[in-house]
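Step one of this worksheet: look at the structure below.
Residue numbers start from 1 in every chain, and the chains themselves are labelled A, B, ... in the order their sequence lines are given, proteins ahead of strands.
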Amino acid sequence: MVHWLPLAAFVPLVAGALTPALAHGRPGLARGWALAVTAFCIFATAALTRRVALEGPFSYAMGGWAAPWGIELRFDEFSAAALFICVIMLLVLCFSGPYVRRAVPAARITWYYSLLLVNLGGMIGFVVTADLFNLFVFMELVAVSGYALVAVGGGRTAALAAFKYLMAGAVSSALILFCIGVLYALTGSLNMADVALRLATVESRAPVLLALAGMTAGFLVKAGLFPVHVWLPDAHAIAPTPINAVSSALLVKLGIIGLLRIFPLFGAAGVVSLAPLYEALAWLGAISILAGAFFALFQQDIKLMLAYSTISNIGYIVLGLGLAGELAVTGASIHVLNHALIKAALFLAAGAMIHQSGYRTLHDLRGIGRVMPWTTLALLVGALSIVGLPPTAGFLGKWYIALGALEAGRPGFAVAVLGGALLIFIYFARMLNAFYFRAPSHEEMLAVREAPASMLGPVLLLAALCVLGGLFGRWPVLLIAPGVSRLVGGG
Amino acid sequence: MAGLWGNIDYAAFVVLFCIGLYIIIAKQNLIKKLLGLNIMETAVFAFIVTSGMVDGGTAPIVGAGATGPFASPLPHALILTGIVVAVSITALALSLIIEIYRQCGTIEADELKGAE
């Protein structure tokens, strides 16, 4: 069916807006409704992904108005991320059931699911749109629902963390909108492919450079790269854990996908050279890998540790983009997807531990490996995967990025890739030690039970996907290969 | 220099944008930070709206006696959406500030550091 593409983006948005009305007086309905809508999105995006794998990228003209005048939705190889987004969202929603009953005030639970659906619709829209202003609107849908979700749990510092996140997010959004305005003033078009064509005839370089630099900076803030990551750890440590899984696994990736969308605009035009920008990205990425992993070493709070590890992994992705070779960009794109699976597995497993035991620091969680064996096992599989040991999913992206660094003749960056993995291995060893080999710090730890099935199921499934993503890593690589070669060839 | 004078409005919006950014970074009061954000957003909106201007252009309403050149209506439509986004962000931020004041008793960022 030709209308799957707009439906995938707009059904969750409309459903999210309807949730409070539907669940009015029937609060139990909200979760089932959200699960059903997300299942529909999985079905739709799976059909779209299948089509892109068979036929290549395709477009949909909104309202029948052809591009470049109408709004175009375009599903290309990178849009296949939408399938990952939907699968992770389904598992997060499944996990949320028991978790939010305790972590979120009862009156807000309906709103929690409503906001998650809006968030989902915004993310799908963001990865499939081919229109610059639409990109901004979907980005804001994701962002505004994200700010509210950080504060949804209530508590002493939740609103403050949400406010910080809002400020960082809104400033970067304003910057991106400003740059979209500059591009519109230069070219008179908002359609990405059309802008790329028209930029080639633009005479003055300064505004093009301004737009490129501003958009890159804006998207890097959204991605939480060091040193513009300051909003990230607070927002991640304080929000309810399922929200951490969504924001850490998916939201920060939108910044990266935004970069993947705008680089071809400038690369194809040839008005400006992207080489200095790529060089800067590679350095920022390498610094972020080491800084994020280094900060993670000093965290006692398991959620903060995972948040800093996200900063480190965003560093890997940005380094891969900056190296700009075919191997490195393949590695970066694969790591966008695989890190989403891994980080969702880690956060949900940590959330299950926090939910069952009530503790959240490594010291307090000592000995949990004996009372929650399955959750701990899933957490350790996720941790192995994030270190990047073969045959797990994390290995694939890092291996490609390291190969890309060698291919580009920059062995120093390959050393940064390995160094980051080693630092991450140290905190993995700390977790292993605390969970299995230390005597419990608290007597009550012995009475802690394994998580209920609706929490354990998603956690184990994600852990399994972390392994399968490595074993069957050839498929996503094959899927995105045409997209990568277009990106690298154009740039 | 002539180019700058010809685009004095653009220069003014960039200055306005930077004023907003300065307020967000330098001021401690959360309400002032939010005002700074609104100044920034206003600068962006004004910039995009003026980019639709055409010298001697009239309102782009097609009908009897309509003669060009017309001003571009697209930026106005875009900025309507942009304003809706900005209003919702402002509303959300204000409600967060109320919540912060209830929980912590202050809305000065430097005092909140101690409260964390």
Side-chain angles (χ1 to χ4, degrees), chain A residues 69 71 115 118 131-134 136-141 143-152 154-190 204 206-207 210 214 218 234 237-238, chain B residues 3 7 10 13-14 16-17 20-21 24-25 30-31 33-34 36-53 72 74-75 77-79 81-82 84-107 109 112-113 115-116:
Chain A
W69 298 283
I71 295 170
L115 285 168
V118 172
D131 182 278
L132 281 173
F133 191 75
N134 239 14
F136 167 78
V137 173
F138 281 123
M139 186 174 77
E140 289 306 282
L141 277 171
V144 174
S145 53
Y147 309 145
L149 281 169
V150 168
V152 78
R156 199 165 151 69
T157 48
L160 187 57
F163 188 81
K164 275 187 196 167
Y165 180 23
L166 183 143
M167 273 296 158
V171 169
S172 59
S173 295
L175 190 61
I176 291 169
L177 182 61
F178 177 72
C179 296
I180 291 174
V182 172
L183 284 180
Y184 176 73
L186 282 172
T187 63
S189 179
L190 286 165
S204 49
L210 174 75
D234 276 346
I238 289 159
Chain B
N7 293 315
Y10 289 176
F13 302 141
V14 171
L16 206 56
F17 189 92
L21 191 59
I24 291 173
I25 294 168
L30 298 188
I31 301 259
K33 278 181 192 276
L34 186 58
L37 181 68
N38 274 288
I39 292 173
M40 242 176 105
E41 284 169 337
T42 307
V44 174
F45 297 159
F47 166 71
I48 296 181
V49 165
T50 45
S51 75
M53 195 197 77
S72 168
L74 183 62
L78 299 184
I79 290 317
T81 314
V84 172
V85 170
V87 166
S88 57
I89 288 181
T90 307
L92 179 62
L94 284 172
S95 59
L96 285 175
I97 291 173
I98 294 172
E99 180 75 11
I100 291 170
Y101 186 75
R102 277 195 197 135
Q103 298 280 348
C104 307
T106 175
I107 54 166
L112 284 166
K113 282 219 176 69
E116 261 179 298

Of the backbone (N, CA, C, O) and the side chain (C-beta and beyond), which part of [X] lies under 4.5 Å from a heavy atom of chain B, both, or neither?
{"X": "A/A151", "value": "side chain"}
{"X": "A/V137", "value": "side chain"}
{"X": "A/L190", "value": "side chain"}
{"X": "A/F178", "value": "both"}
{"X": "A/L166", "value": "side chain"}
{"X": "A/F163", "value": "both"}

Using a cut-off of under 4.5 Å for heavy-atom pairs, which of B/I79, B/I98, B/V84, B/I89 has the most such pairs with chain A?
B/I89
State the [atom1]-[atom2] distance between [X] and [Y], to the nearest 0.5 angstrom.
{"X": "A/D131", "Y": "A/I71", "atom1": "CG", "atom2": "CD1", "value": "5.5 Å"}
{"X": "B/E99", "Y": "B/C104", "atom1": "CD", "atom2": "SG", "value": "9.0 Å"}
{"X": "A/F136", "Y": "B/L78", "atom1": "CZ", "atom2": "CG", "value": "10.0 Å"}

Chain B: which of A/L177, A/I180, A/L141, A/V144 shares the most heavy-atom pairs with it under 4.5 Å?
A/L177
Looking at A/A170, A/A185, A/A143, which has the largest count of heavy-atom pairs under 4.5 Å with chain B?
A/A170
Do you know which of A/I238, A/D234, A/V150, A/T157 makes side-chain contact (heavy atoms from CB on, under 4.5 Å) with A/K164?
A/D234
Contact part of B/S95 toward chain A, heavy-atom cut-off under 4.5 Å: side chain, backbone, both or neither?
neither
Check each atom of B/I24 against the heavy atoms of chain A and say whether the ones under 4.5 Å are side chain, backbone, both or neither.
side chain
For the side chain of A/S204 and the backbone of A/A206, is there at least one donor-acceptor N/O pair under 3.5 Å apart?
no
With sequence neighbours excluded, residues passing side chain to side chain contact (heavy atoms under 4.5 Å, CB included) with B/I107
B/N29, B/L30, B/I31, B/I97, B/Y101
If I compare all heavy atoms of A/Y184 with all of B/P75, which pair ends up nearest, and what's the gap?
CE2-CG, 3.5 Å
Scan the side chains in residues 37-53 of chain B for donor-acceptor partners under 3.5 Å anywhere in the protein, sequence neighbours excluded, and list what turns up.
unit_1	atom_1	unit_2	atom_2	d
B/N38	OD1	B/T90	OG1	3.3
B/N38	ND2	B/L34	O	3.1
B/T42	OG1	B/N38	O	2.6
B/T50	OG1	B/A46	O	2.9
B/T50	OG1	B/F47	O	2.9
B/S51	OG	B/I48	O	2.6

